[in-house]
Structures are given as C-alpha cells and as structure tokens.
Amino acid sequence: MNFSEIKSLDESYVLQTYGRNPIAIDHGRGATLWDTEGREYIDFTSGIGVCSLGYANEAWAKAIHDQAMKVGHISNLFYTEPYARLASRLAPAAGMAAAFFGNSGAEANEGMIKVARKYSYEKYGEGRAAIITLRNSFHGRTITTLKATGQDHFHEFFFPFTEGFRYAEANSMDSLLAAAGDDVCAVMMELVQGEGGVNPLNQDYVQSVAKLCAERDWLLLIDEVQTGVGRTGSLFAYQQFGVQPDVVTFAKGIAGGLPFGGFMTNEKCRNVLRSGDHGSTFGGNPIAAAAANVVMDSMTPAFFREVQEKGEYLRAGIAKLESPCISGVRGMGLMIGAGVQGMTHRELKDKLMAEGLLCLTAGADTLRLLPPLVITREEIDRGLAIMARVMGA
C-alpha cells in the first residue's frame, strides 16, 4: 500500500486522536528508516524512546520468532521462563527487590501509585494518601496518571479526576515543603522531565527530596518510563543521582519495540501488593519478555559509556552549529532537548523531516531527540548535517 491508501484507511476507520506526520514508515535498519515512497530518514525519535536497539536487530527478531514458535501467551496463571529470567536480571541490576510486569508506562505508574497508597494505608490507616508530583511533569494518560501529571492543560474534559495529588515546583524544596502535610504518603517525579521539555532535575534537589522522604516515611517514587533502560547512560537515571527509590517504573525501551512495562519495589515494599491486589492479563508476556532479555544483554557498562559519549557528541554537534534557531542544549545520555526560537518547535520539526531527519517536540519550545541507543556516529553526523542545512548554520 502507498501512503495515500494507508492515510485513507486511517481517516476512515481509526479515531483521530493523533497528529500524525504525513509519512508512512515501511522499514528500517539501525537508526535509519524508509517510508512507503522509498524516502530515507535518520531517526532521532526511536518510536518516542522505545526502539532502544534500533530497527532490524537480528538477535531481537530471532528471540521474538523463537519464543513465538514455543508459546506466545499463556497468562499469569502459569509460570514461564522469559519473565522470570528478566526479573532476575533487572531487579538486581537496579538495586531493587522485585518486579511487576505490565504493558505500558501509564499502567506502570498506576501500579506504583497503588503501592504507595496501600503501603501507607496498612501502616497508618486512612487519611494519608496524597502524592506530591512536580509541575511540568508527565505520568500518563489514564484518569489517575493524568491527574498525577503536573500540567494544567491535561486536567480538562475527563472529570472527575482521581483525587489525592498536589504539585510542587521542580528544584524547589520550599515549594515541596509548602505542599507537604500529614496526609502525604509519597513524592513522585521524573529525574529528567521528558514531555515537559527535557529538563534534568538538580542532583542536590533530588537527594534532598530522598532524604525528606526517608525522614517522613513517604515513599520515593521515580518515574523512569522515558529515562530508564540505558536512555540516560545508565540502566536507570537515579543511579547517576545518588538515590535509591522505594518504587521505580519503566516501559518504552525495555522490550526494544514491543509493548512492555512495569515497576520494581525495594525490600520495604516488596510485599505490599499481595495475591489479588494487582494484575495484568498480558503482563510478562513471553514474547515481549524474550525481547526484553535481548535488550538486557546490551545493558553493560561499556554500552552505557557509549550512550554517554554519543550523547555528548550529539549535544556538542548541535551547539557547534551556532544556529539562531537554537537557544541552548540540555539532557542526559541520548535524551536531548534543544530550545527553539524564531519559529515554533513544530515548524522546525517539520522542516527537518522534509529534509530527512525525524525529531520530536516537547514542552512549549523544545526539539526533543531520542535516537536509538545503537545509533552510529555516521548516522549522527548525517543528522547534524541536515540540521545545519535546515537551520542555516
């Protein structure tokens, strides 16, 4: 099918909830994609941070094939090897005690919220269920995670939202303390606010929040849906901030392109959720877990160093453009944001796409770059060359 045929089917039979770009992707290899019309693109999006190993990774595809030929799904009423093996690798590497597997980041964050509220209820009783999140955060699109998100424009239309969330300004302990109270059970935050504009938190602030949580027996909840699984140059971003969460969520890059997510708890919280308290029909799916095990094969210190080096290389390359369109570059690892001026971030994204570079946007004025973690220097250079051409640097 060509682009026009695919677009026609979409418009006729799919709810129009996405502002899709006017291209249909057909196939890819590494960090390069081709559309149905044969045009080539350097990909700085990786499916919004999902395709961590890029496209057409042979080990990943083989693991999916081999598991599909054994059993594709059996439910959590039975044990299977792939999810058990994954948990035994992921939890120790993260310094956590146990994992729960689901399908998405929003679902993972819902589970994390449930852990916090049940922990507090069982220990302190009713009236201690409020969770403080940060302004400019993003935690998902369910009714509860929309309310947890610290951006007012997400709090529209779908009333009534789940109660029990308050918001504090990022990097301000004064703001956090002002939001505190006897009814608080947890603080929930992204260490790099992704959808809010690729804004890394200050390490001193994060450590102060962790200390306050420990003092007041609030759970420290870290949303690593976008920052986790190597994206920032470590397995999880908190490992670079010098803190250890009570609960951490993950999704996006964990299975390299298949729907997969979950959360992990520390020893204090590992028995909060018991049989019947939480579940997911597709959670720990054997095929997705087999793919995730291949992703975990890559999560080595050498791989993390490469992610950090490539991130530094890409950020330095954008800064060297000295383009009037760019007003600063920030981020960690291969999670990069560039401020846009003189045009909207969407206009710049569209201009780059027309020349063969796929990028994302975030916040009000940020060009967001989340390339596959396996992107090569040659692919980065080709992307930078397109940027230079489009931005007149």
Side-chain angles (χ1 to χ4, degrees), residues 3 21 23-66 194 226-235 251-260 287-288 290-318 331-338 349 352-360 367-390:
F3 170 70
N21 294 304
I23 58 175
I25 298 300
D26 182 72
H27 64 282
R29 180 166 294 278
T32 304
L33 293 166
W34 288 265
D35 67 15
T36 52
E37 315 308 303
R39 291 186 294 261
E40 182 178 319
Y41 303 86
I42 298 298
D43 179 32
F44 280 7
T45 75
S46 65
I48 317 182
V50 168
C51 302
S52 47
L53 301 184
Y55 306 97
N57 181 282
E58 293 184 2
W60 180 81
K62 183 177 187 302
I64 291 170
H65 170 271
D66 290 350
Q226 191 166 151
T227 54
V229 197
R231 173 58 55 187
T232 62
S234 53
L235 184 60
K252 290 194 180 288
I254 184 64
L258 296 187
F260 204 75
I287 294 175
N293 273 306
V294 174
V295 172
M296 283 299 295
D297 290 341
S298 294
M299 298 293 111
T300 65
F303 186 83
F304 297 143
R305 284 194 298 273
E306 288 182 6
V307 170
Q308 291 178 9
E309 290 167 358
K310 286 185 284 193
E312 291 169 1
Y313 183 80
L314 180 50
R315 289 195 299 273
I318 296 170
M332 292 177 62
L334 284 169
M335 184 174 180
I336 298 170
K349 181 262 295 181
L352 293 168
M353 181 173 60
E355 293 298 317
L357 177 63
L358 303 183
C359 299
L360 300 161
L367 191 71
R368 180 172 39 151
L369 313 178
L370 302 173
L373 304 183
V374 297
I375 192 169
T376 64
R377 292 292 182 98
E378 187 269 339
E379 288 170 319
I380 292 174
D381 286 341
R382 289 170 62 194
L384 288 170
I386 294 170
M387 283 186 161
R389 187 162 66 247
V390 168

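Quick note: numbers below take in every heavy atom, side chains included, and nothing from hydrogens, waters or symmetry partners.
Considering every non-hydrogen atom in both Pro259 and Ala288, the closest pair reads O-CB, 3.9 Å. What you find for Ala255 and Phe260 is that their closest heavy atoms are CB-CB, 3.7 Å. Annotation for Val295 and Gly253: closest pair CG1-O, 3.7 Å, computed over non-hydrogen atoms. Residues Leu258 and Ala291 approach most closely at CD1-CB, 4.0 Å, considering heavy atoms. Scanning all heavy atoms of the two residues, the minimum distance from Ser52 to Gly256 falls at OG-CA, 3.7 Å. Smallest separation of non-hydrogen atoms from Ala56 and Gly28: CB-O, 3.5 Å.
Not a single donor-acceptor pair under 3.5 Å links the side chain of Asn21 to the backbone N or O of Ile23. A side-chain donor-acceptor contact under 3.5 Å links Lys252 to the backbone of Ile48. In terms of modelled atom types and a separation under 3.5 Å, the side chain of Lys349 and the main chain of Leu367 share no donor-acceptor contact. Side-chain atoms of Ser46 come within 3.5 Å of backbone N or O of Leu370 as a donor-acceptor pair. The backbone N or O of Glu379 lies less than 3.5 Å from a partner atom in the side chain of Thr376, making a donor-acceptor pair. Within the 3.5 Å criterion, the main-chain N or O of Gly333 finds a donor-acceptor partner in the side chain of Arg315. Listed for the Trp34 side chain is no donor-acceptor partner under 3.5 Å among the backbone atoms of Arg29.
Contact of the Arg377 side chain with the Glu309 side chain is registered, since non-hydrogen atoms from C-beta on lie closer than 4.5 Å. Using a 4.5 Å heavy-atom cutoff, the side chains of Leu334 and Phe44 are not in contact. Contact annotation: the side chain of Asp43 approaches that of Tyr55 to within less than 4.5 Å [non-hydrogen atoms, C-beta and beyond]. Using a 4.5 Å cut-off on side-chain heavy atoms (C-beta onward), Glu40 and Leu33 make no contact. Two residues are said to be in side-chain contact when any heavy atoms from C-beta on lie closer than 4.5 Å; Asp26 and Asp35 fail this criterion.
In this structure, the separation between CG on Asn57 and SG on Cys51 is 11.0 Å, given to the nearest 0.5 Å. Here the straight-line distance linking atom CD of Gln308 with atom CE of Met332 works out to 8.0 Å at 0.5 Å rounding. Between atom CD1 of residue Ile375 and atom CD of residue Glu306 there is a gap of 13.0 Å, rounded to the nearest 0.5 Å. Between the NE2 atom in His27 and the OG1 atom in Thr32 there is a gap of 10.0 Å [rounded to 0.5 Å]. Note: Leu53 CG to Glu58 CD = 12.5 Å, rounded to the nearest 0.5 Å. Atom CD in Glu355 sits 11.5 Å away from atom CZ in Arg39 (nearest 0.5 Å).
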Side chain to side chain contact (heavy atoms under 4.5 Å, CB included), that's the test. Do Phe303 and Val374 meet it? Break it down for me.
CA-CA 9 Å; Phe303 186 83; Val374 297; 4.1 Å; yes

### Query
Do Ile386 and Tyr41 pass the side chain to side chain contact (heavy atoms under 4.5 Å, CB included) test, and can you show the C-alpha distance, the side-chain angles, and the key distance before you say yes or no?
CA-CA 10 Å; Ile386 294 170; Tyr41 303 86; over 6 Å; no

* Asked: Where do Leu314 and Leu384 land on the side chain to side chain contact (heavy atoms under 4.5 Å, CB included) test, with the steps shown first?
  -> CA-CA 8 Å; Leu314 180 50; Leu384 288 170; 3.8 Å; yes

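No side-chain N or O of Ser234 forms a donor-acceptor pair with one of Arg305 less than 3.5 Å apart.
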